[in-house]
Amino acid sequence: MNRPATTGAPRIATELNRALHGLFRRDERLYLLGEDILDPYGGAFKITNGLSTAHPDRVLGTPLSEGGITGVANGLALCGNRVIVEVMFGDFLALAFDQLLNFTTKSVSMYGRRLPMHVLVRCPVGGNRGYGPTHSQSPQKHFLGITDLDLYELTPFHDVEYLLTAALDSGTPAILFEDKVLYTRRRYLNGRVDEALRYRMTGGGPGWAHVFPDGRYNDPDLVVLAPGGVAHRAVEAARALYDTDGTAVHVLVPGRLHPLDLDPVLPVLRAAGRITVAEEGTAGGTWGAHVATLLYERLWSDLRQPVQLLSSADSVIPTAPHLEREVLLGTHTLRTALTAGGRARPRPEAAPPPAEDQAPRAGAALTVPKLNNNDAEYRLVEWLLPDGAWADADTPVVALETSKAVEDIEAGTAGYLRHRASAGQDLGVGAVLGQLSPTPPDHADGHGETGPQIPAATDAADAPAPTRTGAPTYPLSREQQGVASVVIRSHQEVPAAFTVVRADVGEALDWLAEFGERTGAAAGLPELLVKAVALAHSDFPVLFGTLADAQTVALADAPSVGVTLDAGPALYVPVVHDAHTLPLSDVADVLMDLRMKALRQSFTAAELSGATITVSLNQDPGVVLVQPLVQWPQLCMVSLGAVQEEVRLDANGLPRTHHYVHLGLAYDHRVINGSEAARFLTRLKAGFEDDEELSALLAQ
């Protein structure tokens, strides 16, 4: 598994804040204007935290008027000052458009000589946060091509302070677009993305980040240009394609969108000949279209196909996570588009005969694999290749939905694909999805284009139970049916016992608040508990085992901690792998990412598999105690209830409010006895109460 190379690197929000503090310490003519930027609030995303306290005369809170704020910044700049304007959301930048178009940029040259305008507008942009239609847009394209307006983009590769300094020093007004998803992520450092991918900075400042598979710097199969927050999605798609079939996708990430300097990256673009531009904004008049125009002028004879432009759907951005996911450009869409456009697939009528060792037997079956232990059948969501198309062995051809995730299934054998099942069908493990034939469909057999389809099940056992006429019904979702199967198996097979302890958490909450202020990590009791559970593995290995059979427990080499996450009617249990090796801030990052995936229902089967112990989070107000169910074949599940309050007398006889939680452990009594369960819970309790244990858990 590829491990990210960001452990210990600064979060981008923290780096932004430090950069602003540094700029203000060095420059007494620098001002910052914006809404709600004063302490203790420190801005909507806490980027300006501490600045107004340190520099109260130059960090100024303003009324809600983006046009007015920019107008004041223009006046300060005309007097020789340097000004940063923070727009709370990039969507509101439209309200400052008139000032930027008709005054800020015109002032550079309309007075008969070039007049430096040291004005930088910072604005959070982008979706994937569930903020809805007017707080999630990417408006970059609306500011392209304005004379004397430079456009910069925050990235996970570029030094933040350098971007800010370059924009302010140039004397040309500038906008820095900051994708909100980057704030909680960490910088890439030292030329490494993960174990497989490397990067180099190229070109004069701010230049480009060039991401490439290790050992393939001069040998790209295709290149993706991906600014800002889309860079992570492009990198994930590149990694997936490289892991799947060795396709060397290079990703180029610019620090400045306009004016654009392509010279440093022309060699890699020319070497690939296949180029994709990916951005989160909607199509039409885009940065990608501008890039394509420049590339056609300079690389026409080297291009093997038109520049591929990828963007989000032409739609408002919904608030509901599953609808937002449908609209915005995501990793899956990127990967699919790169697979289709990045490798030259032979057409069925022109495909060369497969090599003898690749040729499938006549009618080699593509069957439903076993994807998890909870589902007896899976739903065919869609075919990823049309009937009759040629498929290499490693090509994803069909998407299957489990009770928790959608998984792409590869062909497994090269050949011409024949669909034997239809979208929407529920199929058991081993059922035939399709066939792979060495000959094109017209010559494979007499079944025509699609071949026979599997009929829908009509067995009486599969029929729904009758209901009273007119009675309301509530059909269970596939997620709920998946939970039901786990619960039934747990009740049938696990002789469960339950032990609970009470842990004081007042001190832990104080430590976590200080930890969050210091690191920017959104760490709470759940993150602390996941870390504590993982670190207990070495002393309690049996509790992390799984049942191999009725007489044997398979011990885990490392702890993989499942965490229950509710998302409406769906319950997910994604897995935090290797939590014992991660600092608490990274555990917080992983859990935040998993929570967002639960809201968007975007897990893969792999992210929901492999847990050796599970933590059940039940922190809704008023929840006193929860007895969880052991998930077979695991042996234990830890439960965390809501924080409770009680008033006690202190040593001086004065009433003090104390905070506590109940920590529970459900366990398989065949393997684990009560005293061992109590020792395990006492170990976890110490992680909440003991200063030395807390210090160890919070250590970076």
Side-chain angles (χ1 to χ4, degrees), residues 2 4-6 153 155-158 187-204 206-257 260-280 287-288 290-292 294-296 298-311 329-345 394:
N2 284 324
T6 55
E153 184 101 19
T155 88
F157 297 96
H158 289 80
R187 275 267 322 270
Y188 290 118
L189 297 174
N190 305 319
R192 290 185 60 236
V193 174
D194 57 29
E195 293 173 1
L197 300 180
R198 300 288 184 266
Y199 75 91
R200 293 182 189 175
M201 304 304 295
T202 184
W208 298 74
H210 178 185
V211 182
F212 56 94
D214 197 10
R216 299 288 299 272
Y217 181 69
N218 295 313
D219 184 26
D221 291 320
L222 60 94
V223 175
V224 182
L225 288 80
V230 180
H232 275 102
R233 285 164 254 178
V235 167
E236 289 170 5
R239 183 190 302 121
L241 289 174
Y242 187 68
D243 290 343
T244 299
D245 57 18
T247 301
V249 179
H250 289 216
V251 181
L252 298 176
V253 185
R256 186 174 64 194
L257 301 180
L260 189 63
D261 180 14
L262 284 171
D263 286 343
V265 293
L266 282 179
V268 66
L269 292 167
R270 181 175 289 111
R274 297 192 182 102
I275 300 168
T276 296
V277 186
E279 53 192 324
E280 191 173 295
W287 180 75
H290 174 60
V291 171
L294 296 177
L295 292 177
Y296 290 146
R298 305 184 67 175
L299 295 180
W300 181 257
S301 61
D302 298 289
L303 294 176
R304 304 180 199 174
Q305 61 189 40
V307 175
Q308 183 182 38
L309 302 181
L310 300 178
S311 56
L329 177 67
T331 301
H332 177 75
T333 302
L334 251 170
R335 180 181 174 183
T336 301
L338 295 179
T339 301
R343 286 176 287 168
R345 297 281 184 198
D394 56 4

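Basis for what follows: all heavy atoms, side chains included, without hydrogens, waters or symmetry-related copies.
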List the steps, then state whether side chain to side chain contact (heavy atoms under 4.5 Å, CB included) holds for Val211 with Phe157.
CA-CA 10 Å; Val211 182; Phe157 297 96; 3.5 Å; yes
Residue pair [X] / [Y], side-chain heavy-atom distance below 4.5 Å:
X      : Y      : value
Tyr199 : Pro156 : no
Leu338 : Gln308 : yes
His158 : Met201 : yes
Arg274 : Asp221 : no

Taking all atoms of both residues into account, what is the closest heavy-atom pair of [X] and [Y], and its distance?
X      : Y      : value
Ala196 : Asp194 : N-OD1, 2.8 Å
Val224 : Ala234 : CG1-CB, 4.1 Å
Leu329 : Arg233 : O-NH1, 2.8 Å
Ala237 : Thr331 : N-CG2, 3.9 Å
Val277 : Gly288 : CG1-CA, 3.5 Å
Arg256 : Leu260 : O-CD1, 3.6 Å

Side chain [X], main chain [Y], donor-acceptor under 3.5 Å:
X      : Y      : result
Tyr217 : His210 : no
Asp302 : Gly273 : no
Asp245 : Thr247 : yes
Trp208 : Asp261 : yes

Which distance, rounded to the nearest 0.5 Å, do you find between the [atom1] of [X] and the [atom2] of [Y]?
X      : Y      : atom1 : atom2 : answer
Leu197 : Asp243 : CG    : CG    : 8.0 Å
Glu195 : Arg239 : CD    : CZ    : 10.0 Å
Arg298 : Asp263 : CZ    : CG    : 4.5 Å
Leu299 : Arg270 : CG    : CZ    : 5.0 Å
Thr336 : Leu241 : OG1   : CG    : 9.0 Å
Leu295 : Leu266 : CG    : CG    : 7.5 Å

Step-by-step side chain to side chain contact (heavy atoms under 4.5 Å, CB included) determination, Leu294 to Val291
CA-CA 5 Å; Leu294 296 177; Val291 171; 5.8 Å; no
Asp219, Val223, Asn218 screened by side chain to side chain contact (heavy atoms under 4.5 Å, CB included) with His250, the one that passes:
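It is Val223; the other options fail the test.
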Side chain to side chain contact (heavy atoms under 4.5 Å, CB included) between Thr333 and Leu310: does it pass, once the steps are laid out?
CA-CA 9 Å; Thr333 302; Leu310 300 178; 5.7 Å; no
Centroid separation His232 to Tyr188 less than 6.0 Å
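Close enough - the centres of the two rings lie under 6.0 Å apart.
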Check against side chain to side chain contact (heavy atoms under 4.5 Å, CB included), His290 and Leu257
CA-CA 10 Å; His290 174 60; Leu257 301 180; over 6 Å; no
